[in-house]
Structure formats: structure tokens, C-alpha cells
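Presented below is the structure to which this report refers.
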Number of protein chains: 2
Amino acid sequence: MQNQSTATPLGTANIPLTERLFDALQRAIVEGEIPQGSKISEPELARQHGVSRGSLREAMARLEARKLVERKPNLGARVVTLSYEQLIEIFQLREALEGMAARLAAQNMSEMEIEELQSLLNQHGEQIAEQHGQAYFQKQGDLDFHYRIVQGSKNNQLIELLCNDLYHLLRMYRYQFGMRSKRSQQAYEEHQYLINAISARDPEMAELLMRQHIRSSRRNVEAVFLEKL
Amino acid sequence: MQNQSTATPLGTANIPLTERLFDALQRAIVEGEIPQGSKISEPELARQHGVSRGSLREAMARLEARKLVERKPNLGARVVTLSYEQLIEIFQLREALEGMAARLAAQNMSEMEIEELQSLLNQHGEQIAEQHGQAYFQKQGDLDFHYRIVQGSKNNQLIELLCNDLYHLLRMYRYQFGMRSKRSQQAYEEHQYLINAISARDPEMAELLMRQHIRSSRRNVEAVFLEKL
DNA sequence: ATTTCTTAAAGTGTCGACACTTTTGTGGAA
DNA sequence: TTCCACAAAAGTGTCGACACTTTAAGAAAT
């Protein structure tokens, strides 16, 4: 039996402080609550969250590993600064990684998983039809779809890398750069082709389609950026 | 002015303790000095290295991020356990990532870098001729070659990922699984083709060749493993 | 008024201590 | 002898303190 009345907010039991802190900070950074490029003062941030500097420090080390903050010895840490160049680099990474993921998914996804993926896409389709669903589709839906294919690859290295490491940095870009687009209809169709290839157990085709899909997505981002100038 | 006589071993000045510790531990793990799968006791390891637990803890957090140790809350940390399955997964990753790296290298490497790469390969060739240079070529040379192509991609995300994160895990496999092979002659030739493609500024071909090269390398590992059973 | 030197404030690096959790080891009951 | 309970030991989680480094502010000199 342990004290449930005093400190522990019920449900956070046994989850180490550092971990909760890490999640909280990650969310705050991704959503821009702590602005990009801003300097982080350990004593202040620790105080705000009511933890010791040591605990915060360990959370920061993990944030650094995910490239959400940058630290320089004796100079302290700052939230990463997002840039167009980095975003393009990430798209190139994704093209390679998710391409491989799609290839493996075509080999390794179970029939059931494929069905679920299809029904997820059907939902997206409805939402697009209903509300010209730009908001939802871009922000959550697209991410969900890609997420599942990565899971379907059954390659743990790939899953770890894309879903734990890169995922949050990418989310940060979506949050803070806007990144809405008029491509939802187009993306929806590309997703459907992809499912077809996976369903047909055609790894080669699945990889090809995924790579094209991400390349289109990148071009769209490039176009949006040019507009802004 | 700072005390040069007492503590600082001259040359380690200003490099934080945690960082030096991190490097030392990483080396020890990669080379198997601390055996794979072994449990790590923070107090003991800290004592051995003459640092406080806090410093060691931060180094451990970074090791964890590189997948060299695994930590579970309240249960402590163990060195990662290498497995055939994981190795295959890593090869799949590399196929995707280094394939992309080769593609980009064909676009972005400077003429000078290409020349240097060629002369590096020439050295390798000589070594193979001389001493049937299996040892060197496998352990260092091959890694060097791939390393340079990744650098040549000029994609910082890719460079970071392959040369900082995955690199050491891969080195650990080389160290501890042996992974010598009779493929050095074959690999040498494949490397030469790759340079030709890069030199011809043919991204498509460079990617294709790199992927084939890594796939061959994987097949070789698979074969070596089957032998062992 | 501008620059530079000096000194105080803030911040980071590192440590040792204590509370709580898990593991280990020992003795008694079946 | 085997199994369980329970105390002791070891280990992890978290904190606060102190030393050294960097940054900021203010005084002195040009």
C-alpha cells in the first residue's frame, strides 16, 4: 500500500518524475508553448515545474537526443530553431525511411491490419467530402496513416526511429509552420493507391508510391514557402 | 588563469566530465569491455570512473538514446543485447538510408571529395593485394568508405543519424560478432562501381548500387550465420 | 559619451545525502 | 526439503548545496 492521498496525482503512480517532465516539456516545445530558439534557464524551468534541477537535466538530455533542444557546454540549452532547409532534409529522410517502411509493410502487414488501414482511409474520405476537411486530414489523419504503415513494417529499428525520434520533430513543424495545404484530395488518392499496392503484396510498387507521395508532399511545402516570400 | 597543476589532465580542459565519461563508456560497450546484456550498477560504475552518480546518470541517458543501453524504471540499466534479428533490421535501415545518401552524394559531393574517395579506395585495393587484407578492409576501410559517402550527401539529418546514432551500434556488431568475410574483393569492386556512378553524377544509379551493395553485405552476414548453426 | 575594467548576478557542472523500491538472504511453517 | 514471509542489503529516484563559468551591470578612465 502506498500513499495515494498526498502527493501522487492518481494515475501517475510509479512513472518517474523525469519521464512525466520529459513528456510535458516535449509537448510544450512541439506546440510552441516554449518558443523555438528560446534559451532555457534550468533553475527557472525547474522551479516552474516544481522539480529539482537534476531531474530536469535528465529530461533535457533526452530532449536533446530527439533534436528538440540543443545544448552547448557551459552556455546552456536552447529550443531548436526550425528552418526551411532542415525541413527539406527531413523530407528526404522520410522518403528513404518511409519508402522502406512501405516496402516492408507490403510484405509483413497482416490482412487484418490492412483492412483497418483501409477503413481508416475511408473515414478520411468521408471527412474530406463533408467539411472539405482540410484541418483534420492534414494534422491528424495523414500522420495516423503514415504511422500505421511504419508499424506495419514490423522493423523495430524503423519503428523506433520514425515513431519516436523523428515523429515529434515533424509534429513540431506541422504545428508551427502551419503546413495546411489544398492537397488533401490528392493525398487521399495517393494513400488509396498505396493501400492497393500493399494489399496486392507488391513491395516494389509500395515503396515507389510512398516515395512519390512524400516527394509530392515536399514539393507542396516548397511551393507554400515560395508563396510566403 | 586556471589551475593546471592539480586536477585537469591537460587536454581535457573544459570538456565536461559527463561528455568524457560518455565517450569512455561508449567505447567500453562497443568493444565489449562491458559485456552485452550485462546489468549496470550505477554506484559501482560511478566509483570505478571516480565520478558522482549524477554525472554517470546523464551519460547513461545519452547512451540510452543511442540504443547502447536499455533502462527500465526502478530496475536499472543493462547493456543492449545484440541479436541476429536486430542486425538484419539494421541492414534494412542502412539500405534505405545509405541508398539515399549515395543518391544525394552523387548530386552534392565536390569533385575534390570524389577524388579523395577514389584515392581512399585505391589504398584499400593495394592493401587487399598485399596482405589479402581482410582484417583491415572489413573493420576500418569499409566503414570509412561508407562514412565519407554519407558526409558527401550534405544532408545533416542523414549525417547525424548514420554517423552519430547508428554508427556506434553497427561498430558494436562488427566488434562482437566478428563479421569478417571473404567478401573484401567483391566489396572493393562494388565500391568502385559506386564511385563511378557518383563521379558520373548519376543519382539514380548511385542509389541502386549502394542498395545492392548493402544487400549483398547482408546476405553475406546471413550466410555466415547459417554456417555457425 | 564611449570604451574598458571590475565586480556582482545568474547559470551550469558536479557532488553527496536521503527516501523509496527492488533484490537478496535467512529463518520458520507446511 | 520446499515454500513463504520478512528483514537486510543494494539500487534507483530525487533533492539541495557548492564550485566554477559566463553574462550583466556599473564604475573608472579616456
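Each chain gets a letter, A, B and so on, in the order its sequence line appears, and its residues count up from 1. Model, not experiment: these values are computed from the prediction.
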Nearest-Å distance, [atom1] ([X]) to [atom2] ([N])?
X	N	atom1	atom2	answer
B:Leu45	D:dG11	CG	P	12 Å
A:Arg78	D:dT23	CZ	P	10 Å
B:Glu64	D:dT12	CD	P	13 Å
B:Arg47	C:dG16	CZ	P	14 Å
A:Glu58	D:dT12	CD	C1'	10 Å
A:Glu42	D:dC15	CD	P	14 Å
A:Leu17	C:dA19	CG	P	17 Å
B:Arg20	C:dT14	CZ	C1'	12 Å

Looking at the side chain of [X], which of [options] is the nearest nucleotide?
X	options	value
A:Ser41	D:dC15, C:dT14, C:dG11	C:dG11
A:Asn74	D:dT22, C:dG11, D:dC15	D:dT22
B:Leu75	D:dC18, C:dT22, D:dT22	C:dT22
A:Pro43	C:dG11, D:dT12, D:dC18	C:dG11
A:Arg53	D:dA17, D:dT14, C:dC15	D:dA17
B:Ser55	D:dT12, C:dC15, C:dG11	C:dC15

Touch class at under 4.0 angstrom, heavy-atom based, for A:Gly76 against every strand present: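 The answer is sugar-phosphate, as A:Gly76 gets under 4.0 Å only of primed atoms, P, OP1 or OP2.
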Touch class at under 4.0 angstrom, heavy-atom based, for B:Ile40 against every strand present: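 The answer is sugar-phosphate, as B:Ile40 gets under 4.0 Å only of primed atoms, P, OP1 or OP2.
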Looking only at atom types and distance, does a side-chain atom of [X] sit under 3.5 Å from a main-chain N or O of [Y], one as donor and one as acceptor?
X	Y	value
B:Asn108	B:Lys154	no
B:Arg218	B:Ile88	no
A:Glu70	A:Arg78	no

All ring-ring contact (aromatic ring centres under 6.0 Å, His included) counterparts of B:Tyr167, not counting sequence neighbours: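 Counting only residues at least two positions away or on another chain, B:Tyr167 forms a ring-ring contact (aromatic ring centres under 6.0 Å, His included) with B:Tyr147.
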Of B:Arg71 and A:Pro73, the one whose closest DNA chain D nucleotide lies more 5':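 Whichever sits nearer the 5' end wins; that is B:Arg71.
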Contacts of B:Glu95 that satisfy salt bridge (charged side-chain N to carboxylate O under 4.0 Å, His left out) - sequence neighbours left out: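 By the salt bridge (charged side-chain N to carboxylate O under 4.0 Å, His left out) rule, B:Glu95 matches B:Arg211, B:Arg215.
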D:dA10 phosphate, OP1 or OP2, under 4.0 Å from B:Lys39 side-chain N/O: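 For D:dA10, neither OP1 nor OP2 has a side-chain N or O of B:Lys39 closer than 4.0 Å.
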